[in-house]
Q: 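Okay, handing you the structure first.
In this chain, numbering begins with 1 at the start of the sequence shown. Basis for what follows: all heavy atoms, side chains included, without hydrogens, waters or symmetry-related copies. Note that the structure is a prediction, hence the values are computed from the model and not measured.
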Amino acid sequence: MGERAQDTTRVDNGEVRGAVHADHVVFQGIPYAMAPKGELRWRAPHRPEDWEGVRDATRPGNPCPQVGSSYSQTRATDEDCLVLNVTTPSTEGRRPVMVWVHGDGAIGAGHHFDAGALATQGDVVVVTMNYRLGVFGGFGLPGLEGSGTFGLQDQREALEWVRRNIAGFGGDPGNVTLFGVSYGASATAAHLVSPASRGLFHKVIMHSGFALVDLPAEAWYPGLGALPWLAWRDTAEIEQIGQGVAGELGCADLDCLRALPVEKILEHQQVMNIFQPVGYGNADLPRLPADTFAAGEIADVPVLAGNARHEHRGIVELFRGPVAAEDYPRLLAAAFGERAAEVEREYPLSAFESPNRAWAAVLTDRVWARATHRQHELLSARTPTFAFEFADPAASEHGPSHGTDVGYLFPDREPTGAQRELSDAMIRYWTAFARTGDPNAEGLPRWPAFGEDGHVQSLAPGAITGVDYRAEHRLDFWADR
């Protein structure tokens with residue numbers, strides 16, 4: 001490949017200096033947009049101002065405002081947060097670029113994902129980003145341009161930055177893969193169908209996205225009713241909700257809201273979660289994305305997508321806690337009404353080690369597998385599509401559940417044994433796909449496209465092979481439920 005890359009490079013606004021590691025260089029906290037505060041709060045992102053001299057890019061930037069959660073202790077209040085991070089191998093070259101959108105939509109930051117292994121083992125340039133979350137990314141009011149889409153606009157602005165600047169880090173701006181997990185995967189799906197995002201990426205990877213997911217009652221939080229879509233909400237509804245929240249914050253207009261301290265806004269109960277869904281019926285997403293998928297109106301790029309074998313297990317444990325045997329019929333009745341008895345016969349408690357596992361199996365199959373398989377079908381009719389199921393039983397205490405596959409691409413510590421082998425294989429598959437649009441690589445089990453008889457590649461230590469996804473998740477049973 002050539003000589004060691006420099007620890008400084010030039011971007012639009014000036015020079016940046018990164019941190020040199022043994023085999024890669026990491027640049028952190030590079031602004032891709034101005035701080036969205038004051039008059040810029042709830043506006044489209046603006047390009048940052050130039051700086052003098054060499055900017056230190058050896059430490060992370062601010063996470064975007066968030067209140068944390070039971071599974072993340074991060075709390076942040078600084079709106080000067082629209083930054084990204086670049087990890088590039090130390091040797092010179094022109095490499096594929098992988099741009100990561102982290103999940104949740106109400107918590108998180110790009111620097112939480114260590115891309116050293118992915119970049120060096122896969123010989124790619126990896127970009128992670130911060131974007132506006134919750135109320136700051138998804139707020140809306142009547143007459144407010146961009147209602148419900150500010151976080152989506154931030155992600156697009158980061159992609160624009162990549163197109164202009166990534167060559168200075170050894171990346172190929174003509175070969176960009178956009179990928180994400182959970183909320184980040186659904187945001188990736190939004191870019192896949194958004195006319196405004198066309199041409200900014202050339203491949204897509206989605207981990208446990210919910211672009212086509214609806215929720216039966218009680219499926220997520222106790223007491224939560226049925227939702228037509230988990231990822232999306234009509235912009236008009238977002239604006240109506242925003243009016244109500246504005247009044248509760250003591251504001252009658254946008255000027256008042258823009259003058260409020262971040263801390264005051266974050267005091268509003270559930271204000272981050274209320275505005276997690278992305279708005280549609282606007283310039284960014286003119287139609288409900290599920291309808292756009294069904295119509296085949298998506299970017300003409302290869303897709304790699306999938307979910308975890310026991311997707312909902314961790315979600316049940318995290319958001320509901322223990323499910324008693326007597327709770328199970330009640331939950332089924334709330335979710336499926338007069339058809340609850342049919343579901344209970346198909347998923348009897350006696351077939352599972354606990355009521356938690358029974359309820360999780362029902363929701364894994366009904367909520368996740370059904371929607372993911374439908375997504376594969378729609379995508380494969382339009383573009384090359386490769387489907388996976390993450391299936392390492394040792395991935396977590398809940399097995400292969402929501403989000404546990406991400407640590408195999410962004411390991412936060414050195415994996416060992418079978419997990420190391422699976423991590424290495426996944427990195428090779430993912431980066432081969434980023435390079436060519438096909439995950440197949442020499443020395444790895446063949447991965448047929450989904451279009452070849454609905455092939456889904458199961459990813460488990462020592463067992464990378466096709467799986468009968470339809471039978472495993474009882475999709476024929478769930479066809480009309």
Side-chain angles (χ1 to χ4, degrees), residues 19 26-33 35-37 41-42 45 56-87 99-116 118 126-139 150-152 154-155 158 179-188 207-208 220-221 260-278 314-315 317-319 396-398 401-413:
V26 180
F27 298 82
Q28 293 184 300
I30 305 173
Y32 67 86
K37 56 186 177 182
R41 184 185 285 170
W42 300 310
D56 178 44
T58 61
R59 294 187 298 273
N62 299 314
C64 284
Q66 53 196 280
V67 296
S69 71
S70 60
Y71 51 96
S72 171
Q73 300 307 308
T74 301
R75 182 179 175 86
T77 58
D78 196 331
E79 290 175 280
D80 189 3
C81 65
L82 298 186
V83 298
L84 49 74
N85 318 290
V86 181
T87 302
V99 180
W100 175 250
V101 186
H102 69 77
D104 194 275
I107 62 169
H111 69 267
H112 293 165
F113 299 87
D114 183 347
L118 183 60
V126 182
V127 178
T128 66
M129 70 176 83
N130 297 356
Y131 56 91
R132 281 174 282 184
L133 304 168
V135 65
F136 298 96
F139 184 70
F150 300 108
L152 201 68
D154 293 344
Q155 297 157 18
F179 71 135
V181 62
S182 190
Y183 179 94
S186 297
T188 297
H207 296 245
S208 299
W220 210 270
Y221 298 101
L260 288 179
V262 169
E263 294 83 353
K264 175 68 174 176
I265 296 172
L266 293 180
E267 287 174 1
H268 187 286
Q269 189 176 16
Q270 295 296 316
V271 75
M272 296 299 284
N273 302 106
I274 291 169
F275 294 101
Q276 276 179 288
V278 179
I315 295 170
E317 297 288 342
L318 184 64
F319 295 125
S396 75
E397 61 181 312
H398 309 301
S401 61
H402 189 69
T404 55
D405 51 343
V406 173
Y408 290 65
L409 298 176
F410 297 96
D412 55 8
R413 56 186 175 275

Q: What residues form a side-chain hydrogen bond (donor to acceptor under 3.5 Å, both in side chains) with Glu79, not counting sequence neighbours?
A: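 Partners of Glu79 by the side-chain hydrogen bond (donor to acceptor under 3.5 Å, both in side chains) criterion, ordered by chain and then number, come out as Arg41.
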Q: Applying side-chain hydrogen bond (donor to acceptor under 3.5 Å, both in side chains), name anything that partners Thr128, two or more places apart in sequence or on another chain.
A: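 In terms of side-chain hydrogen bond (donor to acceptor under 3.5 Å, both in side chains), with neighbours along the sequence ignored, Thr128 is linked to Asn85.
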Q: Looking at every heavy atom in both Asn130 and Tyr32, which two are closest together, and how far apart are they?
A: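 Closest heavy-atom pair between Asn130 and Tyr32: O-OH, 2.6 Å.
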Q: Throw together a table of side-chain donor-acceptor distances under 3.5 angstrom for residues 100-113, partners on residues two or more places apart or in other chains.
A:
unit_1, atom_1, unit_2, atom_2, d
Asp104, OD1, Ala106, N, 2.8
Asp104, OD1, Ile107, N, 3.1
Asp104, OD2, Tyr71, OH, 2.4

Q: Taking side chain to side chain contact (heavy atoms under 4.5 Å, CB included) as the definition, give me every residue that meets it alongside Ile315, ordered by chain and number, with sequence neighbours left out.
A: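 Once residues adjacent in sequence are excluded, the partners of Ile315 under the side chain to side chain contact (heavy atoms under 4.5 Å, CB included) criterion are Trp220, His312, Phe319, Trp368, His402.
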Q: Which pair of non-hydrogen atoms, one from Leu118 and one from Leu409, has the smallest distance, and what is that distance?
A: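 Closest approach of Leu118 to Leu409: CB-O, 3.6 Å.
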Q: Considering all heavy atoms of both residues, which atom of Ser401 and which atom of Ser396 are nearest to each other, and what is their separation?
A: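 Ser401 and Ser396 have their closest heavy atoms at OG-OG, 3.8 Å.
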Q: Mind checking the CD-OG1 spacing from Gln66 to Thr77? Nearest 0.5 Å is all I need.
A: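 One finds 10.5 Å between CD of Gln66 and OG1 of Thr77.
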Q: Between Asp78 and Asn62, which heavy-atom pair has the shortest distance, and what is it?
A: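 So the minimum-distance heavy-atom pair works out to OD2-ND2, 3.2 Å.
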Q: If we only count heavy atoms from C-beta on, is the Pro36 to Pro45 side-chain gap below 4.5 Å?
A: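 No - every pair of side-chain heavy atoms lies 4.5 Å or more apart.
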Q: Minimum heavy-atom separation for Thr188 to Gly180, with atom names?
A: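 Answer, listing the atom of Thr188 first, then Gly180: OG1-N, 3.9 Å.
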Q: Under a 3.5 Å distance rule, please check whether Asp154 uses its side chain to pair with a backbone N or O of Leu82 as donor and acceptor.
A: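 Flag not set: sc Asp154 to bb Leu82 has no pair under 3.5 Å.
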Q: Got a donor-acceptor contact below 3.5 angstrom from the Tyr131 side chain to the Cys64 backbone?
A: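 No: the side chain of Tyr131 does not pair with the backbone of Cys64.
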Q: Within the structure provided, determine whether Phe150 and Phe136 are in side-chain contact (heavy-atom separation under 4.5 Å).
A: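 No, their side chains stay 4.5 Å or more apart.
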Q: Tell me which donor-acceptor pairs under 3.5 Å the side chains of residues 265-274 have, and how far apart each pair is, sequence neighbours excluded?
A:
unit_1, atom_1, unit_2, atom_2, d
His268, NE2, Glu248, OE1, 2.5
Asn273, ND2, Gln276, OE1, 3.0

Q: Can you list everything that forms a ring pair (Phe, Tyr, Trp, His ring centres under 6.0 Å) with Tyr408? Sequence neighbours excluded, please.
A: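 Once residues adjacent in sequence are excluded, the partners of Tyr408 under the ring pair (Phe, Tyr, Trp, His ring centres under 6.0 Å) criterion are Phe390.
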Q: Provide the closest heavy-atom pair for Pro65 versus Cys81 in the form atom of the first, atom of the second, distance.
A: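 Where Pro65 meets Cys81 most closely, the heavy atoms are CD-SG, 4.0 Å.
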Q: Answer yes or no: is there a side-chain heavy-atom contact under 4.5 Å between Phe410 and Asp114?
A: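 In short, these two side chains do not touch, never coming nearer than 4.5 Å.
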